[in-house]
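When a residue number appears, it is its place in the shown sequence, counting from 1.
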Amino acid sequence: MVSEGAAGRTTVTPRVEAALQTLMADPDSPERVHGVLECALVFAGAGVAALYAPGDDAELLCLVDSAGLPRTLYGLRGTYALNGDSPAARAHREARTVWLGPRELAARAPSRRTPAKEFSLAALPVRGGCLVAVSERPGGFDAEARACLERLADAVAAPAPAEPAARGELRTNAFSLAMDSGRIEVGDDILQLFGLNRERFDGKVETLLGLTVPEDLPSLMSVVEADHMSLGDRELEFRVLQPAGPPRWLRLHGRLVPGGEGRPARLVGTVADASTLRSDVTDVARVQRLAAALSTAGTVRDVSQAVVSALRRPLRADRIALAELEGDRLVVTVLDPPDPEAWPELWRREWRTEWPDAPVRTMPTLAAALREGRARIWPAGTALEPALADVGPGGLAVLPLPAAGRMAGACLIGWDTPHDFGPDERALLTASAGLAGQALMRAHAFDAEHELVGMLQRQLLPRRLPQLPGAVAVARYLPATAGLEVGGDWYDVIPLPDNRVALVIGDVQGHSTAAATLMGQMRTALRAYAAEGHPPDVVVAHANRLLADLETDLFATCCYVEVDMESGSAWCVRAGHLPPVLRHPGGRTEIVETDGGPPLGVLRQAEFPLGPLALRPGTVVALTTDGLVESAEADIDQGLARFAGELGAADPADLGPVADALLGGARRSDDIALLLMRYDGMASRPLRESWTVWRVPQAVGQARRFTRRTLRSWNVPERDRDAVLLVVSELVTNALVHTDGRVRLDLTLVNHRLRVAVADASPRSPVKPTSIGWEATGGRGILLVEALSDSWGTVPVSGGKQVWSELALGR
């Protein structure tokens, strides 16, 4: 298919034709399409270029590949309806090129959110699909850029929907990894590089990762995790263990291909022996690839790895180091190779745990290069200080990394054998230095803010969960990887009197400091209302009124479950949150469909109904937030059903690995909180008796007689009864003398430990006197209780208080 205007276009620059001639020399190469898209970036000045082709259902145009900046910055979607009015659909359907400037784009969707900068868009028909390019240049695509795009559209063809691996056409050095299942198809050459044969390989990516050098696993995992990747190229060198001898260096080149209807996203590419690769410093697209890799690098370590991957192979360097400049010290973030023996003695002396930390003043040549702010190259034989001479005895290049008017750091590249520095290498070094400096400065700010956010989140969540009678609880929290702002997800486990416990999980709307602050307020409020002894529906209702009175625009969802550890009965209250999931002892799972109320803070006078739960020993209660079960590919109901299935298949004997496995496939586009509790039942149930103390002259004596009868029925030894009776007398007397209203006496015996509790209607706690004279007629009661008790205290109970004392029997 020839695009409109192709016959009368202007002469295309010879560089475009030369690039296309190189790309078309291997028509079966899987990198050909991506190379054409990169030509659109380099020669047509596009910020992003994308290729679309009809999907399997023949009703959608699906993204095949893209290059450049993230396409979402310009509103480019993953799919377009073939019969729709999008530029891509029109260009494909009408077989003509669509050119749109900023005004036309604004007129098409005036309410749609667009980038701050204006841009132009071009959609060109290609064989079997459509080519879309975006440019931020003033005036859009000029005549030369349009001619270049039309020439590229003539040359490229969209691949058929079927995947090569499914048709058995996978090349011997190629692989195809399904991002949802971790199943990988590899060619025979790759298996040979890993020392495997076809019969021994089980098709799992974990099998290949297990054969790599452990130090290289973090960088490899950053490639095989889809959430951290763009649709551009990823290049990486890593090492695999050999049966004998040193590890072998391999080179991975891959890109993420989005999935279509019913098809998962896949990471496709090639793996080759790094020692056989040739230098390719004249490739214009390499700088563009470095820019694309740096645009997705969030941390300083990511930036450093991207620079090392982009420079070491084309320059055939023996070692490369990238360091931040902090004051007068050079703090290295990445060394390649990472072995200390490969670096100068000074660097080894200044080693700090993993990376060296060397003062700049010990390297005057480096300090001068940083002051000048330009790349410096020293050939073999140049007299340098030992700290630098040993980095590159055959040649040394120092790249200062400028950013925002100052030096962000430096990159040192060294060769062991004499190296000739050609003009292409110098151009590559100069271009890379500016890109790396800006990215390093941005990543440093990212790291600092990320650490601040993480510290804030850790302070707002429980540091550890309490030990529970007859149950075990674990919790996990994962912050979102997309963005820096702290989230509003929280969890809590609240021990309550009488062997009860409250499980709480919630989510405040949004990701901001305001959301995190509100999360802390709601967690504290729920804990305070629960400690006052209110039933679950009252606790949530009080928190709802509190949030409504705070006059904030945010709302929160919450699930509150109160469990009686003695009987296994429980009550659940939901405020716009996901229901609990129960895993019964036999492995059957149940999504508890209880009625719920609205989110907290929406209606001040809302109703929050109670839903009963029955727990048998061995039952696991699972509470989570929507970040774990909701995604772009599946709604909440589907995600909750998948979550229940994974919980049912897990072994609840150890809840830690269960929680980790449930979080293993999390998308991380949102915060995730997970709370699991396994109810085991109490080994020995407490004995309980209660007595209502009437306000009559014989009240204290009646309380003592009740206590004596109870202790006798519980077979409490005679020697322990006097101390208990004295404590009962003092607590009941204080309640009758200093308070009004009803007084209740509760006795509890469990594991040879007796608890005496007296509840009254006054919120005032008893005060222990600091000193008592011989002539005083009162004030000694609390001192007696303290002397006889192993521990004592007060807790609020429904507007009043409960004064309690615990005594160990049989001492």
Side-chain angles (χ1 to χ4, degrees), residues 23 25-35 159 162-226 229 233-257 264-280 283 286 289 305 308-310 312-318 336-339 342:
L23 289 171
D26 185 5
D28 297 328
S29 172
E31 313 303 328
R32 179 173 56 85
V33 171
H34 197 75
E163 298 177 4
R167 302 194 306 266
E169 298 180 5
L170 199 66
R171 296 196 303 170
T172 57
N173 68 334
F175 68 89
S176 178
L177 170 65
M179 303 307 296
D180 59 342
S181 63
R183 303 293 297 181
I184 185 170
E185 300 180 52
V186 296
D188 293 336
D189 288 354
I190 298 180
L191 289 178
Q192 184 178 2
L193 291 174
F194 278 85
L196 296 173
N197 53 43
R198 186 65 63 182
E199 291 73 20
R200 291 177 54 195
F201 183 53
D202 56 5
K204 297 179 180 179
V205 69
E206 292 83 1
T207 302
L208 301 180
L209 294 176
L211 298 174
T212 61
V213 175
E215 290 81 359
D216 296 344
L217 271 178
S219 56
L220 263 179
M221 293 302 296
S222 69
V223 173
V224 301
E225 289 180 356
M229 293 190 60
D233 280 8
R234 277 300 175 93
E235 294 183 353
L236 176 72
E237 285 190 358
F238 63 98
R239 293 165 295 169
V240 294
L241 301 172
Q242 299 294 305
R248 172 185 289 175
W249 281 96
L250 302 183
R251 179 74 175 181
L252 180 147
H253 178 240
R255 69 175 185 276
L256 187 66
V257 178
R266 305 188 72 88
L267 179 69
V268 299
T270 59
V271 175
D273 190 343
S275 62
T276 63
L277 300 177
R278 297 175 54 192
S279 179
D280 193 15
D283 187 2
R286 181 164 296 280
R289 292 175 186 173
Q305 290 286 8
V308 170
S309 298
R312 189 179 182 194
R313 183 173 70 90
L315 296 175
R316 301 182 69 84
D318 292 291
D336 195 4
D339 303 322

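- In this view, D336 and R312 satisfy the salt bridge (Lys or Arg N to Asp or Glu O under 4.0 Å) rule, not counting sequence neighbours.
- Nearest approach of F175 to T270, heavy atoms of both residues: CE2-N, 3.5 Å.
- Listed by chain and number, the residues in a salt bridge (Lys or Arg N to Asp or Glu O under 4.0 Å) with R248 amount to none (sequence neighbours excluded).
- With sequence neighbours excluded, the residues satisfying side chain to side chain contact (heavy atoms under 4.5 Å, CB included) with L211 are F194, L196.
- The two residues L250 and D273 make their nearest non-hydrogen contact at CD2-CA, 4.0 Å.
- Closest heavy-atom contact between I184 and F201: CG2-CZ, 3.7 Å.
- The minimum heavy-atom distance between D318 and P337, with the atom names listed, is O-CD, 3.5 Å.
- Shown here is Q192, whose CD atom has no more than 12 heavy atoms of other residues, nucleotides or ligands within 6.0 Å.
- Distance OG1/T172 to CG/D189: 3.5 Å, rounded to 0.5 Å.
- Taking the side chain as every heavy atom from C-beta outward, V213 and L241 approach each other to under 4.5 Å.
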Walk me through it: do V271 and N173 pass the test side chain to side chain contact (heavy atoms under 4.5 Å, CB included)?
-> CA-CA 6 Å; V271 175; N173 68 334; over 6 Å; no

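- Scanning all heavy atoms of the two residues, the minimum distance from N197 to L191 falls at C-CD1, 4.2 Å.
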